[in-house]
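Since the structure comes first, as structure tokens, the remarks are kept for the end.
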Amino acid sequence: MRRTVFNEDHEAFRETLRAFIEAEVVPVYDEWFAAGQAPRDFYYKLGELGIFGINVPEEFGGAGLDSHKFEAVLYEETARAGVSFGGSGVHVLLALPYIKMLATDEQKKRYLPKFVTGEEMWAIAMTEPGTGSDLAGMKSTAKLSEDGTHYVLNGAKTFITGGVHADRVIVCARTSAPTAEDRRHGISLFAVDTRSEGYSVGRKLDKLGLKTSDTAELAFVDVKVPVEDLLGEENRGFYYLGHNLASERWGIAFGAYAQAKAAVRFAKQYVQERTVFGKPVAHFQNTKFELAACQAEVDAAEAVADRATEALDAGELTPAEAASAKLFCTEVAHRVIDRCLQLHGGYGYMNEYPIARLYADNRVNRIYGGTSEIMKTIIAKDMGL
């Protein structure tokens, strides 16, 4: 089955990216894994490579493209190598859409050139302790000062990927109380400078997987945020968050598919090299059947992921379609990676093998960006149920 989602430009980018990963990431990845994060200077290398500027307008130093297909190639190539680019994923996939959609021309001139080079790394802070998926229940506040020059931000956030290295964070906070008719009313978005007085990074969280991405707790105590750093309009933050969820869920879906594809690659290589009872593990019928079943699931997930990619680039990916893609691809990845780990036997449980790290990394896909249960709720509602 011929794949049509990528063209020659994407394949040229793939070759460049694969060479970069082999030279700059693979040799030091174990060090990153042990440290629990990628080094800050690595992000400058990604800036030099042009990773951060693909979808940034040319006037701000980017390539001026309007496509997620290069991101898709990045998902496939990092998964193929069994590595990640640390917490930089939120910089492009999550933060950039808000800047492009909400920032004024003046803000874009201030934000985007440093965004492209990696001089300013961005994260987004939505989740709070005790709220989880209930974003309307957030307690962080941002009150406008009497002179109208700044907001005073107070509160706390948790599970903030990229939070340790971030130079700016898009913080969601309440500028008005919710109304009886709409709990979601009153949330606003701010591009907060992490060097501000009263801003602090708490614990770097010790996660089950995604060990090289820095995930942290954040706290704000009377942080002064200039009014010039309000993104969009006051009190419309919840609407903005919902607007970008489709692209976020596409990223999780495509990343999960790429992980499943990589798992089959790792397992196939292992069973061809590993010998038991005098034969390569690949010679046993059970091995062939298991890998064949996994490959069939990966083929299906690839078709779903590619279709969602085309729809996203065309501006036609609906919330329900994004939820469906995320649900299907993450559930497929869960099954495939588990079965591929089983084929490794005891070695599959050792972190020196990429399948073990992939198993742990993959688990969060069914939680963040909306749990599988939330995805089912969205799909069912779209079905009229």
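All values derive from a computational prediction rather than experimental measurement.
A donor and an acceptor atom, one from each side chain of E234 and S176, are nowhere located under 3.5 Å apart. Residues Y75 and Q259 bring no donor and acceptor atom of their side chains to less than 3.5 Å of each other.
Applying the side chain to side chain donor-acceptor pair (under 3.5 Å) test between E290 and each of R339, Q285, Q342 identifies R339 as the sole match. None of T212, D214, T215 except one satisfies the side-chain contact (heavy atoms from CB on, under 4.5 Å) rule with Q37; the exception is D214.
Within the 4.5 Å cutoff, the side chain of R366 has heavy atoms near those of the E331 side chain.
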(request) Go through F190 and L153 one step at a time and tell me if the side-chain contact (heavy atoms from CB on, under 4.5 Å) criterion holds. (result) CA-CA 10 Å; F190 300 90; L153 174 65; 5.5 Å; no

(request) Could you give me the CA-CA distance, side-chain angles and deciding distance for T117 and Y44, then say whether side-chain contact (heavy atoms from CB on, under 4.5 Å) is met? (result) CA-CA 6 Å; T117 62; Y44 292 112; 5.8 Å; no

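Hydrophobic clustering (ILVMFWY, side-chain heavy atoms < 4.5 Å, transitive): L208 and Y349 are in distinct clusters. Linking ILVMFWY side-chain heavy atoms closer than 4.5 Å, directly or via other members, places I54 and Y43 in a single hydrophobic cluster.
We find the NE2-CZ distance between H10 and F70 to be 4.0 Å, quoted to the nearest 0.5 Å.
In this structure, the ring of F85 has its center less than 6.0 angstrom from the ring center of F42. You'll find the ring centres of W122 and Y111 inside the 6.0 Å limit.
Ring orientation note: the planes of H243 and Y239 are tilted relative to one another, at an angle of 30° to 60°.
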